[in-house]
Amino acid sequence: MVQKYELTQEGKEYLKKGLPEKQLVEILNKQPMKSLSFDEAKKSIGNFYIGLQWALKNKWIESYGKDLVLIKYPGKIPEQEALEKIERGEEVEQNLVNILLQRKLIRKIVVSEADKLIGKEVTTLTPQLLKSGLWKQVKFKKYDVNIPVPKVYPGKLHPYRQIIEEVREKLIGLGFVEAKGPLVELNFWNADALFMPSDHPARGIHDIFIVKEPKQGKVIDENLWKRVEETHNKGWITGSRGWGNWNFELAKRLILRSQTTAVSARTLSKLKRDDLPYKMFVIDRNFRPDVIDSKHFIEFDQCEGIVVGEELNFKNLLGYLKEIAETFGAERVRFKPSYFPFTEPSVEGIAFIKDLGWTEFGGAGIFRPEVTYPLGIEVPVLAWGLGIGRLAMIKLGISDIRYLYSDNLSWLRNKEMVR
Amino acid sequence: MPTITYDKKDLLNLIGKRLSDEQLEEIIHLMKTNVESKTETEITVELTPDRPDLFGIEGLSRAIKQYLGLQKGLKKFTVNSPQLHIKASYLPYRPYLAASVIRNVSITDSFIRSLMNIQDVLTDTIGRKREKVAIGIHDFDKIIPNIVYTEVSSDEKIVPLDTNEEITLAEVLEKIPKGKEYGHILSGLKKLPAWIDAKGIFSFPPIINSERTRVTEKTKNLFVELTGTDKEAVLQTLNIIVTNFAERGCIIEATKIFYGEKSEVVPNLNPTFIDLGIDETNKLIGLDLKKSDIIDALNRMGYDVIENKGMLKVFIPAYRTDILHKVDLIEDVAIGYGFNNFIPHLPSVATIGKVHPIEKLSNKVRQLLVGFGFQEIIRPILTNHKNLFDKMNIKSEAVIELENPVSSEYICLRNWLLPSLMEVLSANKHVEYPQNIFEVGDVVVPDNDEETMSKTIRKVACVISHSKSSYAEVKGVVESLLKQMGVIYSFKENSSETFIEGRQASIVVNNKSIGILGEISPVVLEQWNLEMPCAAFEISLDAI
């Protein structure tokens with residue numbers, strides 16, 4: 001960067017009139033004898049002493065008594081020429097610049113980056129340009145609008161979370177209250193309270209993760225356990241035949257929850273008459289032994305809900321199932337008979353969803369009296385459930401279930417938002 | 001659930017009516033089963049566990065005939081009186097048995113196939129893989145009475161099915177595939193159960209039959225024997241098998257089993273009954289069906305109905321082992337009426353929806369962390385000790401472990417979140433940095449005060465990973481997060497081997513430590529094979 005200078009007030013005066021030493025030698029040069037008395041000379045030029053000092057120093061003149069005598073006419077004076085050059089914006093040797101600076105005839109000009117750009121093309125619009133108003137005098141360089149740029153990754157919710165939240169929002173809109181329960185459960189809540197027989201195949205070690213230590217949980221409400229036991233054995237007051245057996249030790253066994261229905265059972269056991277009508281939902285994690293591949297994993301999420309109230313019936317259950325299907329974009333809904341150990345009647349919803357066609361989207365049913373009576377509920381309980389992981393996979397267009405709990409950062413960063 | 005493949009031609013022959021594929025599929029769906037796949041000649045169906053009477057092609061065809069009205073109401077079965085007597089010893093480990101002679105069979109390919117199918121599926125399901133019920137089917141004419149069910153020494157011999165060498169029962173358990181598969185049911189026994197006739201052992205339940213009594217294309221009469229640990233299940237299974245044979249025109253003959261002095265004749269195919277009210281039926285399904293509509297629907301589902309003092313007396317066939325309660329009949333009314341004939345009705349049950357407080361809090365935290373530019377992660381809750389402790393450079397702590405893990409990767413529940421995030425960083429070493437990630441999720445810690453001896457805790461953890469990540473940066477995030485959540489906090493020096501000494505703190509709220517933050521120790525980074533500095537924090541959301 002070339003340093004720029006400008007003339008001081010004094011420098012400008014000398015540019016016009018000549019430097020004092022120049023003025024002095026010019027006057028002496030005009031004299032017939034090339035000499036003038038000290039006093040005369042002093043009167044005829046301004047800044048006489050400065051001129052005298054420089055003329056003496058350069059050995060152009062000498063003083064004899066009261067007279068000043070020109071001994072060498074310098075012709076062109078480099079300092080004078082330097083002044084002219086600087087005024088014209090031309091470059092000047094550094095030693096001359098130093099002399100002129102020392103004599104305070106020039107000064108450095110502070111040129112702002114912006115000033116330098118006047119009339120030119122600029123790349124960046126700076127705060128300086130805006131502040132100084134210079135933006136009016138510059139041109140902005142045209143960009144290649146197709147230029148490749150560095151990638152930007154936003155902070156983002158997991159794609160699966162976006163779907164879970166959408167479902168949660170919709171259910172709250174439908175008047176459902178969210179419930180939660182522990183991930184480590186007693187068999188009692190996961191199966192026995194749901195009237196699944198002690199030797200039900202889905203309760204074996206191939207379908208349930210069993211806790212190593214401690215092996216058993218606590219019986220909090222002994223009366224409830226008694227009612228469940230009697231229901232399993234002989235039907236208690238429910239009007240059922242019962243299963244003819246019940247395994248207390250197995251009911252106390254600690255396991256990992258295999259269905260969120262355990263949370264529904266816990267919720268029902270705490271409901272009071274004044275709470276009715278009541279709608280509850282849960283979206284949460286469950287565990288199940290399975291092979292681990294693109295179609296199966298040992299953890300999965302379920303979304304389910306119950307509606308508790310007088311006068312509810314199967315027609316209403318179909319109503320809820322249809323409503324829920326429609327909130328997920330189903331255009332048409334069909335029903336087919338199905339089986340769940342804890343509901344009767346049981347139904348499976350099949351929805352026609354655009355781009356997908358007919359898709360199974362969820363199961364539902366009315367809780368069996370063998371489930372509700374021991375829990376202290378004598379009104380109908382409508383229950384429905386969705387495999388939210390499966391719905392999410394469809395919606396996210398992924399075929400590998402492991403992406404739901406993915407450790408693939410690139411995939412997470414690049415996956416589009418769920419719309 | 002298991003699947004079963006039916007021969008389409010055989011099925012249609014048994015139904016006795018030509019049905020298009022679509023019609024057939026539609027009806028199979030009504031039977032609570034799903035069609036898995038189909039070919040020109042076969043149809044594969046996913047079984048429903050509550051209707052074992054439909055597992056066999058004969059039972060399925062019967063239900064379809066009834067539904068289509070080709071056969072009205074309850075199917076009646078004749079059981080001929082017993083000619084065969086069986087002497088049963090009491091074996092405490094396998095006390096129950098049942099048997100029947102099936103006469104007049106004509107063995108065809110489809111018959112054999114259906115025989116194998118039903119035997120496998122019933123023993124797997126109701127039979128709980130032969131432990132509760134095991135079935136043996138023999139050529140009756142090759143058995144020479146008297147027949148005895150008893151226990152014998154393991155040195156006794158049998159020629160197992162599909163072999164030609166006589167070996168001991170002990171050798172059966174050691175050498176034959178079925179012996180290896182089901183031998184555990186008999187483990188620890190000094191003597192072993194066996195069916196014996198005049199010539200010796202012809203069945204070794206619940207393991208294998210003898211080659212001597214094998215069913216061939218020449219077989220005319222069958223002997224069906226069942227043993228098990230649950231009397232009800234043994235008898236029900238027999239009912240299902242013999243009624244299936246009856247659908248093929250076979251004759252069912254009872255047997256008389258002597259338990260010492262006492263004796264019992266099986267099978268008993270008399271229907272049971274339940275009294276069903278018209279009002280209670282309509283109330284549960286939400287319709288206003290007339291009595292005749294309900295009777296019609298029940299007939300289509302294979303029941304007989306008579307009116308009795310304003311109630312409907314519903315007769316239940318002996319093969320319907322799933323009917324425990326009136327609601328089971330009411331469901332069949334709804335199926336008989338047709339689910340798709342219902343007009344769904346959303347009742348006006350006015351309630352106010354509410355998100356769970358911990359989910360509400362979790363979402364606020366997620367929102368803030370996304371605002372900081374962090375990517376959310378969702379990871380499995382199951383993990384292993386190596387990840388939780390060894391790789392985090394800390395001593396093992398008590399966690400909830402599985403007794404029956406399926407993979408060494410997943411053997412316990414995580415008790416903190418940071419290892420899950422370190423695992424993600426470790427898997428993404430070649431992805432652009434900075435990598436700033438977080439998870440808001442559950443961990444489980446043992447807690448003897450709780451009903452489940454454990455507590456599920458919602459936590460948040462976050463890792464910042466780039467070349468200049470530092471304590472100061474992560475502290476800035478923690479402070480901002482807590483301030484935004486309206487929490488008053490302070491920091492206290494901490495000493496965990498996970499973090500660099502002197503560059504870590506515990507986060508204190510109400511005089512309690514609710515979390516930690518700091519620069520991850522290079523020892524830990526090395527364990528995870530990471531070459532980028534990391535700073536991290538983890539906070540219990542239950543505590544704020």
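Residue numbers start from 1 in every chain, and the chains themselves are labelled A, B, ... in the order their sequence lines are given, proteins ahead of strands.
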Open item on the list: Within the structure provided, determine whether A:L254 and B:T452 are in side-chain contact (heavy-atom separation under 4.5 Å).
Closed with: yes

Open item on the list: Under a 3.5 Å distance rule, please check whether B:N404 uses its side chain to pair with a backbone N or O of A:I208 as donor and acceptor.
Closed with: yes

Task: Approximate separation, where rounding is to 0.5 Å, of A:R413 CZ and B:N428 CG - done: 8.0 Å

Task: Pairs of heavy atoms under 4.5 Å with chain A: top-ranked of B:K32, B:K129, B:M31, B:R51 - done: B:K32

Open item on the list: Taking side chain as everything from C-beta outward and backbone as N, CA, C, O, which of these in B:Q435 sits under 4.5 Å from a heavy atom of chain A? Side chain, backbone, both or neither.
Closed with: both

- [ ] Compare every heavy atom of A:P337 with every heavy atom of B:L30, then report the nearest pair and how far apart it is.
- [x] O-CG, 3.4 Å

Task: Heavy-atom closest pair, residues A:G175 and B:T351 - done: O-OG1, 2.7 Å

Task: Under 4.5 Å from a heavy atom of chain A, the part of B:L421 involved - done: neither

- [ ] Tell me, out of A:I292, A:L186, A:D199, who's got the most heavy-atom pairs with chain B below 4.5 Å.
- [x] A:D199

Task: Among A:E311, A:E178, A:H206, residue most engaged with chain B (heavy-atom pairs, under 4.5 Å) - done: A:E178

TODO: Determine the option with the most heavy-atom pairs under 4.5 angstrom with chain B, choosing from A:E360, A:K279, A:K322.
DONE: A:K279

Task: Portion of A:E299 that has a non-hydrogen atom of chain B nearer than 4.5 angstrom - done: side chain

Open item on the list: For a quick check under 3.5 Å, do B:E432 and A:Y153 share a side-chain donor-acceptor pair by atom type?
Closed with: yes

- [ ] Tell me, out of B:R379, B:E232, B:Q367, who's got the most heavy-atom pairs with chain A below 4.5 Å.
- [x] B:R379

- [ ] Sort A:E323 into side chain, backbone, both or neither according to what part of it lies under 4.5 angstrom from a heavy atom of chain B.
- [x] side chain

TODO: Would you check if A:N313 and B:K283 make a side-chain contact, meaning some heavy-atom pair closer than 4.5 Å?
DONE: no

Open item on the list: Quick check for you: to the nearest 0.5 Å, what is the distance between B:M453 atom CE and A:Q216 atom CD?
Closed with: 9.5 Å

Open item on the list: Does any part of the side chain of B:L382, heavy atoms only, come nearer than 4.5 Å to the side chain of A:L256, both counted from C-beta?
Closed with: yes

TODO: Search all heavy atoms of B:T48 against all heavy atoms of A:Y339 and return the closest pair with its distance.
DONE: OG1-CB, 3.3 Å

Task: Shortest non-hydrogen separation from B:E331 to A:S338 and the atoms involved - done: OE2-O, 4.0 Å

Task: Which atoms of A:F195 approach chain B - backbone, side chain, both or neither, heavy atom under 4.5 Å - done: side chain

Task: For B:L368, all residues meeting side-chain contact (heavy atoms from CB on, under 4.5 Å), sequence neighbours excluded - done: B:L481, B:Q484, B:M485

Open item on the list: Checking A:D407 against B:E423 for the side-chain contact (heavy atoms from CB on, under 4.5 Å) test, could you report, in this order, the C-alpha distance in whole Å, the side-chain angles of both residues, the deciding distance, and whether it holds?
Closed with: CA-CA 8 Å; A:D407 63 2; B:E423 206 180 0; 5.6 Å; no

Task: Side chain, backbone, both or neither of A:K252 within contact of chain B (heavy atoms, under 4.5 Å) - done: neither

Task: For the student: nearest non-hydrogen atoms of B:E376 and A:L412, plus distance - done: O-CD1, 4.1 Å

Open item on the list: Please check: side-chain N/O of A:K336 versus main-chain N/O of B:E26, any donor-acceptor pairing under 3.5 Å?
Closed with: no

TODO: Could you tell me which portion of A:P341 (side chain, backbone, both or neither) has an atom closer than 4.5 angstrom to a non-hydrogen atom of chain B?
DONE: neither

- [ ] On the 0 to 90° scale, with breaks at 30° and 60°, tag the B:Y410-A:F297 ring pair as parallel, tilted or perpendicular.
- [x] perpendicular

Task: Nearest non-hydrogen partners of B:I343 and A:K315, listed with the distance - done: O-CG, 3.1 Å

- [ ] First locate atom OG of A:S240, then atom CG of B:D328, and finally report the distance between them rounded to the nearest 0.5 Å.
- [x] 7.5 Å

Open item on the list: A side-chain contact here means heavy atoms from C-beta on lying under 4.5 Å apart; do B:E451 and A:F188 qualify?
Closed with: no

Task: Distance in Å, B:L287 CG paired with A:F314 CZ, rounded so as to fall on 0.5 Å steps - done: 9.0 Å

Task: chain A contacts, top residue of B:A398, B:S420, B:P347 (heavy-atom pairs, under 4.5 Å) - done: B:P347

Task: Close side-chain approach of B:P344 to A:Y320, heavy-atom, < 4.5 Å - done: no

Task: Heavy-atom donor-acceptor pair, B:H325 side chain to A:R368 backbone, under 3.5 Å - done: no

- [ ] Specify which of A:R402, A:R334, A:E370 makes the most heavy-atom pairs with chain B at under 4.5 Å.
- [x] A:E370

TODO: Would you check if B:V406 and A:F209 make a side-chain contact, meaning some heavy-atom pair closer than 4.5 Å?
DONE: yes

TODO: Name the member of A:P182, A:G181, A:A179 that forms the most heavy-atom pairs with chain B at distances under 4.5 Å.
DONE: A:P182

- [ ] Would you mind checking which part of A:R257 comes under 4.5 Å of any heavy atom in chain B, side chain (CB onward), backbone (N, CA, C, O), both or neither?
- [x] neither

Open item on the list: As an exercise: rank A:G217, A:P345, A:P380 by heavy-atom pairs under 4.5 Å with chain B and give me the winner.
Closed with: A:P345

TODO: Below 4.5 Å from any heavy atom of chain B, which atoms of A:I210 appear? Answer side chain, backbone, both or neither.
DONE: both

Open item on the list: Among residues at least two apart in sequence or on other chains, which ones pass salt bridge (Lys or Arg N to Asp or Glu O under 4.0 Å) with B:E401?
Closed with: A:K212

Task: Residue pair A:F335 / B:N340, side-chain heavy-atom distance below 4.5 Å - done: yes

Open item on the list: Looking at A:R285 and B:D442, is there a salt bridge between them, counting it only when a charged N and a carboxylate O are closer than 4.0 Å?
Closed with: no

TODO: Side chain from CB out, backbone as N, CA, C, O: work out which of these in A:L171 comes under 4.5 Å of a heavy atom of chain B, or both, or neither.
DONE: neither

Task: Electrostatic pair A:R168:B:E359 at N-O distance under 4.0 angstrom - done: yes

TODO: Check the pair B:I400 / A:L183 against side-chain contact (heavy atoms from CB on, under 4.5 Å), numbers first and verdict last.
DONE: CA-CA 11 Å; B:I400 301 293; A:L183 295 175; over 6 Å; no

TODO: To the nearest 0.5 Å, tell me how far A:K156 NZ sits from B:Q375 CD.
DONE: 5.5 Å

- [ ] Supply the atom-to-atom distance A:T238 OG1 to B:K326 NZ, rounded to the nearest 0.5 angstrom.
- [x] 11.0 Å

Open item on the list: Can you tell me which portion of B:D332 sits under 4.5 Å from chain A's heavy atoms? Options are side chain, backbone, both or neither.
Closed with: neither

- [ ] Please tell me if the side chains of A:N316 and B:V349 come closer than 4.5 Å, counting only heavy atoms from C-beta onward.
- [x] no

TODO: Using non-hydrogen atoms and a 4.5 Å limit, figure out which bit of A:S406 sits close to chain B: side chain, backbone, both or neither.
DONE: backbone

